[in-house]
Number of protein chains: 2
Amino acid sequence: MPRATAEAAAETARRLVEIAADLFAERGYAAVALDDVATAGGVTRGAVYHHYGSKKGLFRAVTAHLQQQVAATLVAAAGAADGPHDRLRAGSHAFLDAVTSPRTVRILLVDAPAVIGWQEWRALDADSSAVHLREALAEAGVAPELLDALTAQLSGAMNEAALWIVDRDGEPGAREAAHRALDVLLEAVTG
Amino acid sequence: MPRATAEAAAETARRLVEIAADLFAERGYAAVALDDVATAGGVTRGAVYHHYGSKKGLFRAVTAHLQQQVAATLVAAAGAADGPHDRLRAGSHAFLDAVTSPRTVRILLVDAPAVIGWQEWRALDADSSAVHLREALAEAGVAPELLDALTAQLSGAMNEAALWIVDRDGEPGAREAAHRALDVLLEAVTG
DNA sequence: CACTATACATACGCTGTGTATGTCAGGAGG
DNA sequence: CCTCCTGACATACACAGCGTATGTATAGTG
């Protein structure tokens, strides 16, 4: 049944991203065939190629979608805090909690750099999450010539912390330990 | 010419790893066909499958090989320093320099987690490099309940620092900035 | 000096991506 | 109300690349 209405088409595109996110998270990028996504979405691969151009294109859309969700949570938490020091902490801890779902972590932190390339991945991350970290660090008094380097390294620390937590899921206290360790690093930076 | 001597066979296996490391680093795992590796090594894909079983198996061998090299550099540098505080710093900075080659960084930090899986990747890293970081942190007086979490986060920070440096290759001062930022984090940990 | 296991080469099937082409309906213009 | 065009898919096909099964010749072994 070709040519649905414009809203139906948008809904199809949205649904495909959602389904793809689930499958990519469960099996990893390489093990997911586009036919799996299409079939689960009630369409054929033709529809996927129509909307996203390629398998990588679909994955890019999934990545952007998830990053946007994480960034929204982060921004909300940081906005609720006041004072530069507290905003940094609130935002960082919120990021860690937001990104710590098995679904998100596998796609955003494991597959994305390899699939879309590290440079593009970092650019996307910089636009959605890392900007806020950078800004918070600047406000907290980090020396300008160390700002970029520290943003990158703290970002890496938090990403690894997220993977570490997910890997220990079920182990009680793991999440708290990660948050406390993160506080050690953050306090170091803000002096 | 089938069946060379045992040393010749070992040499073939060694050569294939070397060639594969170059190709994987240049194009990334997915874009490298086993036939490229085999042809460059003067054999056919049959030889590759004989020695390494699968494409993933070959990649695993490449990963282990590179990690071993990095770890050797790290251990040497740490051994030359004395005092727990200094060993931590020396080892960390040596790690950053050792891992900061475009070849190493792409394979070990971008593709490896996605290809062989994050858990296996972390296990390999834990055995080669992270053990030493963990040990140094323990000696430097890090609280036992934060030891694993901090090891992971600092490891993530250093890995991201390496990618950050390689991404800015040519930009003078980038490497120094990364090292100074790393010092900020390390000093925080050791109090 | 057979004989076996090793170190490959050759041949083939199969999965999955991408692309080219077809098809049918919604909506804008007359 | 009819037409035409374009968007939203479906269908069909070519091709690359992985894995596996099978063949083959030699280096070691008894």
Side-chain angles (χ1 to χ4, degrees), chain A residues 1-63 107 111-112 114-117, chain B residues 1-63 107 111-112 114-117:
Chain A
M1 66 315 252
R3 188 61 202 251
T5 176
E7 299 93 52
E11 162 61 19
T12 298
R14 240 181 46 91
R15 184 163 24 104
L16 289 176
V17 166
E18 209 66 36
I19 291 169
D22 286 339
L23 292 178
F24 284 148
E26 281 173 30
R27 310 182 203 165
Y29 178 80
V32 173
L34 285 187
D35 192 48
D36 300 340
V37 179
T39 301
V43 292
T44 64
R45 293 189 310 126
V48 179
Y49 276 95
H50 174 70
H51 285 292
Y52 298 105
S54 69
K55 187 180 181 183
K56 207 181 287 190
L58 174 62
F59 184 83
R60 226 185 298 261
V62 169
T63 300
I107 294 174
D111 281 348
V115 173
I116 70 179
Chain B
M1 60 328 244
R3 188 59 204 250
T5 176
E7 298 93 54
E11 162 61 20
T12 298
R14 239 182 48 90
R15 185 164 21 106
L16 288 177
V17 166
E18 210 65 37
I19 292 169
D22 286 340
L23 292 178
F24 284 147
E26 281 173 30
R27 310 181 203 166
Y29 178 80
V32 173
L34 285 187
D35 193 48
D36 300 341
V37 179
T39 301
V43 291
T44 65
R45 292 190 310 127
V48 179
Y49 277 95
H50 174 71
H51 285 292
Y52 298 106
S54 69
K55 187 180 181 183
K56 207 180 288 189
L58 174 62
F59 185 83
R60 225 184 299 260
V62 170
T63 299
I107 294 175
D111 281 346
V115 173
I116 71 179

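Labels below follow one simple rule: chain letters A, B, ... track the order of the sequence lines, proteins then strands, and each chain is numbered from 1.
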Pair A:Arg60-A:Thr63, side-chain hydrogen bond (donor to acceptor under 3.5 Å, both in side chains): steps then yes or no: CA-CA 5 Å; A:Arg60 226 185 298 261; A:Thr63 300; over 6 Å; no

Distance, rounded to the nearest Å, where B:Leu23 contributes CG and D:dG17 contributes P: 13 Å

Charged N-O contact under 4.0 Å between A:Arg14 and A:Glu18: no

Toward the 5' end of DNA chain C, by each residue's nearest nucleotide, A:Gly46 or A:Tyr29: A:Tyr29

Donor-acceptor contact present, side-chain B:Tyr52 to main-chain B:Ala13, <3.5 Å: yes

Euclidean distance, atom CG of residue A:Asp35 to atom P of C:dG18 [Å, nearest integer]: 14 Å

Listed nucleotide nearest any side-chain atom of B:Ala33, set C:dT17, D:dC18, D:dA8: D:dC18

Rounded distance in Å - CD (B:Glu7) to C1' (C:dA7): 14 Å

side-chain contact (heavy atoms from CB on, under 4.5 Å) partner of B:Val48, the single match among B:Asp35, B:Thr12, B:Leu58: B:Leu58

Nucleotide D:dG17, atom C1' - distance to CZ of B:Arg27 in whole Å: 14 Å

Rounded interatomic separation in angstrom, taking OH from A:Tyr52 and P from C:dT17: 16 Å

Spacing of B:Lys55 atom NZ relative to D:dT20 atom P, expressed in whole Å: 15 Å

Nucleotide D:dT20, atom P - distance to NZ of B:Lys56 in whole Å: 12 Å

Touch class at under 4.0 angstrom, heavy-atom based, for A:Val48 against every strand present: nothing

Closest listed nucleotide, where the reference is the side chain of A:Ala47 and the choices are D:dC9, D:dG19, C:dT17: D:dC9

Nearest-angstrom distance from the residue atom CZ of A:Phe59 to C1' of C:dT17: 17 Å

Base C:dG16 to side chain A:Arg45, donor-acceptor N/O within 3.5 Å cut-off: no

Presence of B:His51 side-chain N/O under 4.0 Å of C:dC8 phosphate oxygens OP1/OP2: yes

Heavy-atom donor-acceptor pair, B:Arg15 side chain to B:Gly41 backbone, under 3.5 Å: yes

side-chain N/O B:His50 vs C:dT6 OP1/OP2, d < 4.0 Å: no

Distance test, side-chain N/O of B:Thr12 to OP1/OP2 of C:dC8, below 4.0 Å: yes

Nearest-nucleotide pick for B:Tyr49, side chain only, options being C:dA9, D:dT20, C:dG18: D:dT20

